[in-house]
Amino acid sequence: MNRTLISYLLSFALLAASPLVLNRFWLEVLNSVGLYAILALSLNVILGNAGLYNMGHAAFYAVGAYCAAILNTQLDIPILWSLPICGLVAAAAGALVCRPIIHLRGDYLLIVTVGVGEILRIALVNDIFGLTGGPNGIFGIDRPFLFGYKIRKPHEFLYLIWGFVAMTVFLFYRLRNSRFGRALDYLREDEVAAEGSGINTGRTKLMAFAIGAAWAGMAGALYASKMTIISPESFTFWESVLIFIIVIIGGSGNITGVLLGAFLIIGLPEFLRAYVGEFANARMWFFGLAMMIMMIFRTQGILPPGPRFFRLPKAGKEVSS
Amino acid sequence: MNLLRVEGMTKRFGGLVAVNDVSFSVDEGEVVGLIGPNGAGKTTVFNLITGNYIPDQGQVLFDGASIKGLRTHKIVDAGIARTFQTIRLFQKMSVLENVLAGQHCRMTTGIFGAFLQSPKARAEEQAALDLALEELEFVGLRHEANNLASNLSYGNQRLLEIARALATKPRLLILDEPAGGMNHQETDALLELIRKLRDRGITVFLIEHDMSLVMQACDKLVVLEYGCKIAEGDPESVKNNPKVIEAYLGPDDDEE
């Protein structure tokens, strides 16, 4: 077993034991970190691996949340059953929205994705198709049931959310070390050379968006069932920015870095609020300063990804670092 | 038999006619050189063949079928691989990963295959890795497999581009100034490599300014000047062609 795997197992064991020592407040913070971790991991495929500047990721999060809420309140489909549907719907939305804008580069793509996020939010506010409940949103969403057991308390959600995070990490590690994962890296490094090496860059970009959107959609479904009420307020531009920052600060392209980013960006402000009492109001100031320092001295993020190295004996087993 | 046929190809950039009504052919198994003074439109011809640009007029036939207007990755899939004049490696990735890029279009594992890692997907991955290592061995870079591409010398980076192109299993290999930035020994090794490529049955079409290499390596030359073809034929006859001499050395003073 390599060191990465051991540290992951230890971290998840710690998380699993955390309800023994942490109170409700800190469990809720951990749940929040977990949801943002899923969102950031999903954006990481698009932004970190493929290098596509998407600052409208909250749109796919919203699609998943509303999809779950509508299916649950109108058709009584249990939340966990609707997870794959929400993922597929969000993926389809991602592919559909991005098809016409996929050839845009860098900052141009970023501005268009900001627009996409806002269009969707405003559509939700305006009760599109009479399904979204307007500014009030949708309420009365069921809690998830797992094997007939109703998930309701913070520590129960902790297991659900972080279980989903663990599955995501596992699958995305496999994805990164596959033909598709490499294609994303080639795309980010040099699009012309990637196309010249026989990679269908247009299709690869769309797939990156679809996968990222699918996971954001499923995170949305989990969020909807945790809150039991959703409204357009939860999917503002600021959410997209927050997810974007987690990926950039943590180390875009690196799964461990992104998880660390989620803890820092979502967890640290709560920590400051709780333990630096008299400076509570200064926490955003501190936060902004930390970010400026990061962007000046460590632009690649706290834990940037390294190249994949392969073990090269005659036996030829592939080992990735 | 013609593996590649270019007929009446023209490309304009605004008012500039970069390539003007150029026709030539490359036979299977040949090594063909495309030469001409700087700015003659050689790289543009390459870019038109590989789909980076689309010709305004004319036709590009590969193995009898038109490839004009196809996207670059489709053309690579059809069997034309290339290297770039200004080296375009994935600099921050390992040498082996760079070569694996070429294997991409010969593999099929998708997203779900990656998630499930079925025995078939694993076997395909292993086969790609083995083939990539073979191509590295072929260009003499196997010992650098886990080094970063950016750490290689200029000459070795050119060789790595060739290995990446070879990993696509091409029938036609297009090399844009392969000897650029190489020292004397490296150029000699390159000549040897081009001969080994021909022995493997790969057709080579190259741009090169090193005339000694061109004369030794090529079976046939195509000469461009100001976007027009001024000569085509075996190296000996091209070397003695008055138009070619004029293009390279300027007009003879006695004639003025």
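Quick note on labels: first sequence line is chain A, next is B, and so on, each numbered from 1.
- In terms of heavy-atom proximity, A/Gly196 sits nearest to B/Thr72 at CA-CG2, 3.8 Å.
- For the atom pair B/Gln103 CD and A/Ile199 CD1, the distance stands at 11.0 Å (nearest 0.5 Å).
- For A/Tyr159, the OH atom counts as densely surrounded, since its 6.0 Å shell holds more than 12 non-hydrogen atoms of other residues, nucleotides or ligands.
- When each of B/Asp77, B/Leu96, B/Thr168 is scored by its heavy-atom pairs under 4.5 Å with chain A, the top score falls to B/Leu96.
- The candidate from B/Ala101, B/Gly51, B/Ala145 with the greatest count of non-hydrogen atom pairs under 4.5 Å with chain A is B/Ala101.
- For chain B, the option among A/Arg188, A/Met207, A/Glu195, A/Arg179 with the highest count of heavy-atom pairs below 4.5 Å is A/Arg179.
- Between the CZ atom of A/Arg203 and the NE2 atom of B/His73 there is a distance of 9.0 Å, given to the nearest 0.5 Å.
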Name the atoms and distances for all side-chain donor-acceptor pairs under 3.5 Å in residues 47-54 of chain A, with sequence neighbours left out.
from: A/Asn54; atom 1: OD1; to: A/Gly56; atom 2: N; distance (Å): 2.9
from: A/Asn54; atom 1: ND2; to: A/His57; atom 2: ND1; distance (Å): 3.2

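- Atoms CG and CD, on A/Asn177 and B/Glu125 in that order, are 8.5 Å from each other to the nearest 0.5 Å.
- The distance from atom CZ of A/Arg182 to atom CD of B/Glu97, rounded to the nearest 0.5 Å, is 7.5 Å.
- Within 6.0 Å of the CZ atom in A/Arg298, the count of heavy atoms belonging to other residues, nucleotides or ligands exceeds 12.
- The number of heavy-atom neighbours closer than 6.0 Å to NZ of B/Lys120, taken from other residues, nucleotides and ligands shown, is 12 or below.
- Between the CG atom of A/Asn200 and the CZ atom of B/Arg71 there is a distance of 5.0 Å, given to the nearest 0.5 Å.
- Note that CG of B/Leu116 and OG of A/Ser178 are 11.5 Å apart. Values are rounded to the nearest 0.5 Å.
- Of all heavy-atom pairs spanning A/Asp190 and B/Phe90, the tightest one is O-CE2, 3.6 Å.
- Taking the six-membered ring where the residue is Trp, A/Trp215 and B/Phe115 present perpendicular rings, their angle passing 60° and hence far from 30°.
- If you measure heavy-atom distances from B/Thr83 to chain A, you find no contacts under 4.5 Å at all.
- Contact count against chain A (heavy-atom pairs under 4.5 Å) is highest for B/His104 among B/His104, B/Lys74, B/Arg106.
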